[in-house]
2 protein chains.
Amino acid sequence: MQIMTQPNQKNSHSEIPIACVACHAREGGVCGTLSPSQLAQVVRKTARRRVQPQIEIIGQGDGIEHCAAIVRGVVKLSKMLADGRQQIVGLQFAPDFLGTPFLRECSLSAEAVTNVDLCVFPRALIERLAAEAPDLQRRLHVETLKKLCAARDWMLTLGRKTAKERVANFLYLVATRINFEDGPAREFDLPLSRADIADYLGLTIETVSRQITRLRKEGVIRVENRRRIIVPDIRRLMKNASIDS
Amino acid sequence: MQIMTQPNQKNSHSEIPIACVACHAREGGVCGTLSPSQLAQVVRKTARRRVQPQIEIIGQGDGIEHCAAIVRGVVKLSKMLADGRQQIVGLQFAPDFLGTPFLRECSLSAEAVTNVDLCVFPRALIERLAAEAPDLQRRLHVETLKKLCAARDWMLTLGRKTAKERVANFLYLVATRINFEDGPAREFDLPLSRADIADYLGLTIETVSRQITRLRKEGVIRVENRRRIIVPDIRRLMKNASIDS
DNA sequence: GGGCTTTTTTGATCTCGATCAAGGCAGCCG
DNA sequence: CGGCTGCCTTGATCGAGATCAAAAAAGCCC
């Protein structure tokens with residue numbers, strides 16, 4: 001499924017760039033250094049969109065004609081083999097950028113795992129503005145570099161860590177990314193089902209469940225209603241994940 | 001160990017940018033769109049360097065002050081846990097770019113696996129030129145996007161493929177990347193030892209060896225002198241790697 | 001609440017790849 | 001040539017996580 005292209009008429013024009021800025025609040029916003037006329041283009045071509053859980057945002061192998069910034073919610077990026085085996089290759093939280101301008105042939109599918117609010121742009125707009133505004137290009141590049149670094153960290157997890165370490169690593173990752181401003185959350189709701197966690201960790205749901213139980217029994221975490229995780233001591237969780245701090 | 005900083009006096013000035021261009025020949029070279037004065041800066045600040053196998057180019061956690069383009073040879077990027085478990089998170093062939101300008105905190109170590117010729121620049125130079133030349137910034141960004149795509153492909157391999165598929169996948173990867181101009185090589189020398197292959201695939205050397213034997217006995221590959229691989233039918237190798245073409 | 005589905009947990013067993021242990025083979029140097 | 005060293009291969013056994021199976025808990029709709 002493609003990202004919708006129509007600008008959302010219900011939003012006032014002034015709201016949209018604020019959303020974009022919010023998306024990249026950590027660094028002052030993607031639109032931060034654009035000229036007034038460039039900002040006006042963004043306003044005209046940008047659409048807000050709300051996506052329900054389990055709805056595909058970008059399909060595997062689509063010619064991707066749009067990009068988006070996540071305003072709220074969690075998006076999973078996954079790859080699938082012909083026989084159905086699946087691997088989640090990235091989790092994106094607000095205010096991450098979705099899509100690969102400047103590169104066409106990267107097949108992966110993006111799917112909302114919670115309710116997601118997006119700020120959608122045409123790919124061509126981003127590419128044009130990036131060519132005009134070096135700082136925008138640089139900032140998108142830095143975001144890509146961070147994703148590359150995260151992907152490589154996860155390769156270490158997938159290739160060399162035990163099931164228990166992987167689960168602890170996942171919990172640590174969610175704790176640190178769920179609130180993008182503050183440090184690691186002490187208490188949070190898991191955005192993913194056990195099946196999705198398994199697909200992210202290269203494990204089965206049974207193994208994920210058993211390792212969560214194990215961490216719970218060892219007192220590393222507390223679990224309420226299967227979804228809510230409480231971490232009394234983040235250091236202890238990191239040790240269980242073999243994260244050297 | 002840091003990359004050497006001294007420009008190599010033995011190289012004529014005219015040779016160096018040619019080397020850079022050669023590094024990025026597929027797209028016309030990193031230096032392709034620079035002005036004459038920018039090119040002169042590159043000439044002044046660039047050093048050629050030859051690196052022996054198993055020599056570290058950039059250490060894990062170094063404050064990385066240099067970047068490099070690979071002119072010849074193969075470089076492995078790896079991450080290690082405190083207890084010694086290791087994962088190779090990327091293999092770079094000529095004419096790949098090494099280093100992460102614009103981003104400081106990504107800990108990984110780069111090590112030559114064959115004799116490697118590099119073209120070394122100060123990080124600051126690249127960052128300055130990229131700010132001035134939007135096309136250079138864009139091209140570096142595209143290279144990073146490709147690496148991200150490759151890393152995510154590898155996550156699928158690490159998370160969901162069997163030992164045999166992983167080994168076949170690795171052979172296919174080397175076949176396609178060892179000669180950057182042509183298509184997949186039908187015959188090539190493995191640049192990595194069994195131990196390095198194991199670290200790349202998240203397996204042990206024994207399992208790697210057994211799966212190579214198995215692929216050999218099934219006629220998917222022929223092996224000469226343990227290092228030389230002959231692939232009679234690349235399609236068959238891809239099928240064994242579960243690569244959907 | 002009661003019946004239904006879906007998700008998660010727990011238990012029993014199996015299997016692929018790890019581990020432990022030799023043995024083979026090539027390169028190197030005397 | 002023979003002994004040595006460092007990879008690589010092969011064999012035997014073990015174990016972490018997969019698979020198969022079922023029970024328990026939560027959500028959902030009436």
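Here is how names work: the chains are called A, B, and so on, in the same order as the sequence lines, proteins then strands, and each is numbered from 1. Atom set for the values below is all heavy atoms of this structure, side chains included, hydrogens, waters and symmetry mates excluded.
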Starting at [atom1] of [X] and ending at [atom2] of [N], how long is that distance when rounded to a whole Å?
{"X": "A:R216", "N": "C:dT8", "atom1": "CZ", "atom2": "P", "value": "14 Å"}
{"X": "B:Q54", "N": "D:dC7", "atom1": "CD", "atom2": "C1'", "value": "12 Å"}
{"X": "B:E206", "N": "D:dA12", "atom1": "CD", "atom2": "P", "value": "15 Å"}
{"X": "B:D199", "N": "D:dC8", "atom1": "CG", "atom2": "P", "value": "12 Å"}
{"X": "A:I212", "N": "D:dG17", "atom1": "CD1", "atom2": "C1'", "value": "15 Å"}

Determine all donor-acceptor pairs shorter than 3.5 Å in which one atom belongs to a side chain in residues 190-200 of chain B; sequence neighbours excluded.
| residue | atom | partner | partner atom | Å |
| --- | --- | --- | --- | --- |
| B:S193 | OG | B:A195 | N | 3.4 |
| B:S193 | OG | B:D196 | N | 3.2 |
| B:R194 | NH1 | B:R226 | O | 3.2 |
| B:R194 | NH2 | B:R226 | O | 2.8 |
| B:D196 | OD1 | B:K76 | NZ | 2.9 |
| B:D199 | OD1 | A:R160 | NH2 | 3.0 |

*Locate the shortest heavy-atom distance separating A:I178 from A:F188; write the atom from each residue and the value.*
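That would be CG2-CB, 4.2 Å.
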*asked:* Can you see if the side chain of A:S193 gets near the phosphate of C:dT7 - specifically, an N or O under 4.0 Å from OP1 or OP2?
replied: no
*Does OP1 or OP2 of D:dG17 have a side-chain N or O of A:T204 closer than 4.0 Å?*
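Answer is no, no contact under 4.0 Å.
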_With side chain to side chain contact (heavy atoms under 4.5 Å, CB included) as the criterion, how do A:L77 and A:L98 come out once you've worked through the C-alpha distance, each side chain's angles and the decisive distance to 0.1 Å?_
CA-CA 10 Å; A:L77 307 178; A:L98 289 181; 4.2 Å; yes
Between [options], spot the one nearest the side chain of [X], thanks.
{"X": "B:R226", "options": "D:dA26, D:dT9, D:dT19", "value": "D:dT9"}
{"X": "B:R194", "options": "C:dA18, C:dT19, D:dC8", "value": "D:dC8"}
{"X": "A:T213", "options": "D:dT10, C:dT10, C:dC25", "value": "C:dT10"}
{"X": "B:L203", "options": "C:dA18, D:dT19, C:dT8", "value": "C:dA18"}
{"X": "A:S209", "options": "C:dT19, C:dT9, D:dC8", "value": "C:dT9"}

_Could you measure the distance from the CD1 atom of B:I229 to the CD1 atom of B:I221? Nearest 0.5 Å is fine._
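One gets 4.5 Å once the value is rounded to the nearest 0.5 Å.
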*How do A:K161 and A:N225 order along DNA chain D: which one's closest nucleotide is nearer the 5' end?*
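Counting from the 5' end, the first nearest nucleotide belongs to A:K161.
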*If you find the nucleotide of DNA chain D closest to A:G202 and the one closest to B:R210, which residue's nucleotide is nearer the 5' end?*
B:R210
*Partner residues of B:D233 under the salt bridge (charged side-chain N to carboxylate O under 4.0 Å, His left out) criterion, sequence neighbours left out*: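 Salt bridge (charged side-chain N to carboxylate O under 4.0 Å, His left out) list for B:D233, sorted by chain: empty.
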*asked:* Can you confirm whether more than 12 heavy atoms, excluding those of B:R216, are under 6.0 Å from its CZ atom?
replied: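 Yes, because the 6.0 Å sphere around CZ of B:R216 holds more than 12 heavy atoms from other groups.
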*Inspect the contact between B:K239 and B:E165 and indicate whether a charged nitrogen and a carboxylate oxygen are less than 4.0 angstrom apart.*
no
_Nucleic acid contacts - residues 162-174 of chain B versus DNA chain C, non-hydrogen atoms under 4.0 Å_ = B:T162, B:A163
